[in-house]
Amino acid sequence: MMSTYEVLQQAKALKPSERKELLRLLKQIVEVDDGEKPKPSLRDLRGLGKEIWHGIDAQEYINELRAEWKGRDR
């Protein structure tokens, strides 16, 4: 098992954005340990519903939407 000092040294090697993510995750762990219910985060929704878009070309989808909008303007 790593010591707190070793974990801190590894955390210092992270990018600032990774440190913020680590801090957020550590906060969740502490809140759960304290019996607090962690606040939901938009990050928890990442990837939700991605299977809906499987096999769909993004540019083709956008082009179809634009064609529909142009048709309504007339």
Side-chain angles (χ1 to χ4, degrees):
M1 187 159 139
M2 296 176 67
S3 71
T4 306
Y5 179 78
E6 291 169 322
V7 172
L8 180 61
Q9 292 307 311
Q10 287 192 356
K12 286 180 180 180
L14 297 173
K15 296 180 210 171
S17 61
E18 293 172 322
R19 288 184 198 167
K20 288 178 184 178
E21 179 67 7
L22 176 61
L23 185 59
R24 185 186 72 79
L25 294 170
L26 287 171
K27 186 174 181 265
Q28 274 186 339
I29 291 170
V30 170
E31 288 172 348
V32 169
D33 288 347
D34 288 345
E36 294 180 33
K37 186 176 179 184
K39 295 177 184 174
S41 168
L42 286 178
R43 291 183 177 141
D44 297 335
L45 300 176
R46 183 179 183 187
L48 185 65
K50 68 180 178 182
E51 66 280 354
I52 295 170
W53 298 99
H54 182 73
I56 296 176
D57 180 86
Q59 189 60 55
E60 185 178 317
Y61 179 77
I62 295 297
N63 292 342
E64 289 173 10
L65 284 177
R66 288 179 178 156
E68 286 177 21
W69 296 338
K70 286 181 183 178
R72 290 182 188 167
D73 291 341
R74 294 178 186 171

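Checked against side-chain contact (heavy atoms from CB on, under 4.5 Å), Leu45 has the following partners two or more places apart in sequence or in another chain: Leu42, Leu48. Residues passing the side-chain contact (heavy atoms from CB on, under 4.5 Å) test with Ser17 are Lys15, sequence neighbours excluded. For Leu22, the side-chain contact (heavy atoms from CB on, under 4.5 Å) partners are Ala11, Leu14, Leu26, not counting sequence neighbours. The side-chain contact (heavy atoms from CB on, under 4.5 Å) test applied to Thr4 returns no partner, not counting sequence neighbours. A search for side-chain hydrogen bond (donor to acceptor under 3.5 Å, both in side chains) contacts involving Lys20 returns nothing, not counting sequence neighbours.
Within the structure, side-chain hydrogen bond (donor to acceptor under 3.5 Å, both in side chains) contacts touching residues 48-67 (residues at least two apart or in different chains) are Gln59-Asn63.
Nearest heavy atom pair, residue Met1 against residue Glu6, reads O-OE1, 4.4 Å. Between Arg24 and Glu21, the shortest heavy-atom distance links the atoms NH2-OE2, 2.9 Å.
Distance CZ/Arg46 to OG/Ser41: 11.5 Å, rounded to 0.5 Å.
If you chain together hydrophobic residues whose side chains sit under 4.5 Å apart, Ile52 and Ile56 fall into the same group.
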